[in-house]
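Please read the structure below before turning to the comments.
Counting begins at 1 with the first residue of the sequence.
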Amino acid sequence: MHGASRMARACSGGALVTHQLPLALVGLACLVAGIVVAVIVPDSGGPAWAMAVAGCLAAGVLLLGRIAFGLFRDRRRTAV
């Protein structure tokens, strides 16, 4: 595959379809990491601690949400 076609595939969301399972696992790992950090690490870290938890949870939610949106869009497109 040439560089230009790889870039087009990445920008069109094709990479999301191709690597859906690994990306879902990474999203779940981000959610788990955020929950583990929130539970195990004492909140004496101040804002850095809160930002680490928020970042992990946000990354997981955004990644899983993007995958769910892609699945919903593809199913709706095939039903029409």
Side-chain heavy atoms under 4.5 angstrom apart, residues restricted to Ile, Leu, Val, Met, Phe, Trp, Tyr: same cluster for Leu57 and Met51? no
Just do the side-chain contact (heavy atoms from CB on, under 4.5 Å) check on Leu31 and Leu64 with the steps written out, would you? CA-CA 10 Å; Leu31 285 176; Leu64 292 174; 3.5 Å; yes
Where is the tightest heavy-atom contact between Leu23 and Leu63, given as atom of each residue plus distance? O-CD2, 3.1 Å
Going hydrophobic residue to hydrophobic residue with side-chain gaps under 4.5 angstrom, can you get from Ile35 over to Leu28? yes
To the nearest 0.5 Å, atom CD1 of Ile67 lies from atom CG of Leu21 at 9.0 Å
Would Val53 and Leu62 show up in the same hydrophobic cluster when neighbours are defined by side-chain heavy atoms closer than 4.5 Å? no
